[in-house]
Amino acid sequence: MSEQVRDVDQLDVQASRQGDGDAYGRIIQRHQGEIARRMWRFTRNSADHAELVQDVFVNAYLSLPGYRNLAPFSHWLHKIAVRTGYAYWRRRVKESALAQKEYELRLLSQAPAGHDAAQAAELVHHALERLPPRDRLVLTLMCLEGHTLDEIAQLTGWSLVMVKVQAWRARAKLKKILDQEVVK
Amino acid sequence: MSEWDNFEKWAALARKEEPPRTDVARAVLYRLKQPARVENVSDGIWAFSTASACAALVCAIVGYNSWLSLLGDYYGWMHDFASWNLP
């Protein structure tokens, strides 16, 4: 992110704290693309997705008094996005367990062949959906977002050791699920 | 090639997916302008106080009766003991 965007963010954050709605509108316009991309990892439902993106910006606005300019605004916003998405999964964990459909998850044990990105995302999403939210979050950030363990620790607020352990366990669980699908 | 390597290939392909376009600025600002829903705090305080008072009353009645029955046994035993005469 360029220095210019950071400076503009700082100015708009200052103005937003003083109740300037237009300034916050500009912040939303600048960051909603990235946030929408991230929140699409948390749901495949368009209506829920739009609501999640809104929730992130509402939560961020309500947390603005606690924002200290120690890191770029976008980093802080992405932390809020991850927490909002994680909370959404935790709320929906029972519903999604009930509504799980049959997907061709055994395809995941072979290399993709002629599939497009949307099909791949759909399959990976539904494979990860079978994990508990904590495991799912680590693997989503690691595999789908391409974050390092350090970055995941920063985004989630968990310790690096905890993220490593969680990632290892989550991988083992997912492997087991994929193995079961192959046997089926 | 392991299953995990294949899964990572799928994940790498999935990363290229574009999310649906969304413009939430107006909706967010609208939500922020809505008056915050504040629950009626005094109702909650009254409900809590009433429930606490009822619970305290029940405990007091049960406790007092238990205490009386305990004392009754004790005095009864004292009385029996005092009125007991050796033949």
Side-chain angles (χ1 to χ4, degrees), chain A residues 16 21-22 24-30 32-41 44 46 49-58 60-62 105-112 115-125 127-128 139-140 142-146 171 174-175 178-179 181-182, chain B residues 1-70:
Chain A
S16 302
D22 292 340
Y24 198 62
R26 288 194 295 274
I27 290 177
I28 297 172
Q29 293 291 353
R30 269 198 300 281
Q32 65 179 349
E34 291 168 34
I35 297 298
R37 177 179 287 277
R38 185 176 287 284
M39 301 324 281
W40 190 235
R41 305 298 182 205
R44 305 287 298 170
S46 303
H49 174 248
E51 196 159 332
L52 267 181
V53 178
Q54 285 181 30
D55 287 347
V56 171
F57 285 106
V58 169
Y61 185 83
L62 297 176
L105 294 185
R106 64 174 174 276
L107 285 175
L108 292 172
S109 58
Q110 304 153 15
H115 296 87
D116 62 23
Q119 290 170 323
E122 186 85 11
L123 270 178
V124 171
H125 181 89
L128 295 176
L139 285 190
T140 299
M142 202 168 80
C143 301
L144 281 175
E145 300 267 322
R171 259 178 72 146
L174 187 64
K175 271 176 147 180
L178 295 180
D179 285 344
E181 288 297 320
V182 173
Chain B
M1 184 168 287
S2 75
E3 282 177 15
W4 184 257
D5 291 334
N6 286 328
F7 177 79
E8 286 194 327
K9 282 188 177 178
W10 281 95
L13 180 60
R15 253 180 252 167
K16 293 176 188 163
E17 190 196 21
E18 284 299 315
R21 282 179 175 271
T22 176
D23 188 359
V24 297
R26 191 176 288 182
V28 170
L29 294 177
Y30 177 77
R31 274 175 66 174
L32 289 173
K33 279 177 189 162
Q34 297 302 304
R37 276 187 296 168
V38 179
E39 288 176 13
N40 195 343
V41 177
S42 62
D43 282 355
I45 291 173
W46 271 111
F48 178 74
S49 307
T50 311
S52 303
C54 288
L57 188 65
V58 169
C59 286
I61 291 169
V62 170
Y64 184 65
N65 283 336
S66 306
W67 176 244
L68 282 186
S69 63
L70 193 72

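Computed from a predicted structure; not experimentally measured. Quick note on labels: first sequence line is chain A, next is B, and so on, each numbered from 1.
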When only pairs under 4.5 Å are counted, which of [options] shares the most heavy-atom pairs with chain B?
| options | value |
| --- | --- |
| A:Gly25, A:Ala120, A:Ala118, A:Pro112 | A:Pro112 |
| A:Arg37, A:Arg171, A:Gln29, A:Arg26 | A:Arg171 |
| A:Gln54, A:Gln119, A:Met39, A:Lys175 | A:Gln54 |

Distance (rounded to the nearest 0.5 Å) between A:Leu52 CG and B:Thr22 OG1: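 If I round to the nearest 0.5 Å, the distance is 10.5 Å.
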So, are B:Glu17 and A:Arg44 salt-bridged, with charged N and O less than 4.0 Å apart?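 Salt bridge between B:Glu17 and A:Arg44, a charged N being under 4.0 Å from a carboxylate O: yes.
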Could you give me the CA-CA distance, side-chain angles and deciding distance for A:Glu51 and B:Arg31, then say whether salt bridge (Lys or Arg N to Asp or Glu O under 4.0 Å) is met? CA-CA 11 Å; A:Glu51 196 159 332; B:Arg31 274 175 66 174; 5.3 Å; no
Side-chain contact, heavy-atom cut-off 4.5 Å: [X] with [Y]?
| X | Y | answer |
| --- | --- | --- |
| B:Phe7 | A:Leu178 | yes |
| B:Glu18 | A:Trp40 | no |
| A:Phe57 | B:Leu29 | no |

Name each donor-acceptor pair under 3.5 Å that joins a side chain in residues 56-67 of chain B to protein atoms two or more places apart or in another chain, with its distance.
| unit_1 | atom_1 | unit_2 | atom_2 | d |
| --- | --- | --- | --- | --- |
| B:Asn65 | ND2 | B:Ile61 | O | 3.4 |
| B:Ser66 | OG | B:Val62 | O | 2.8 |

Closest heavy-atom pair and its distance - [X], [Y]:
| X | Y | value |
| --- | --- | --- |
| A:Ala117 | B:Leu13 | CB-O, 3.3 Å |
| B:Ala14 | A:Val124 | CB-CG2, 4.5 Å |
| B:Ala11 | A:Cys143 | CB-O, 3.7 Å |

Heavy-atom cut-off 4.5 Å, strictly under: side chain, backbone, both or neither for [X] against chain B?
| X | value |
| --- | --- |
| A:His115 | both |
| A:Leu128 | side chain |
| A:Leu174 | side chain |
| A:Asp116 | backbone |
| A:Arg41 | side chain |

Step by step, would you call B:Val28 with A:Tyr61 a side-chain contact (heavy atoms from CB on, under 4.5 Å)? CA-CA 9 Å; B:Val28 170; A:Tyr61 185 83; 6.0 Å; no
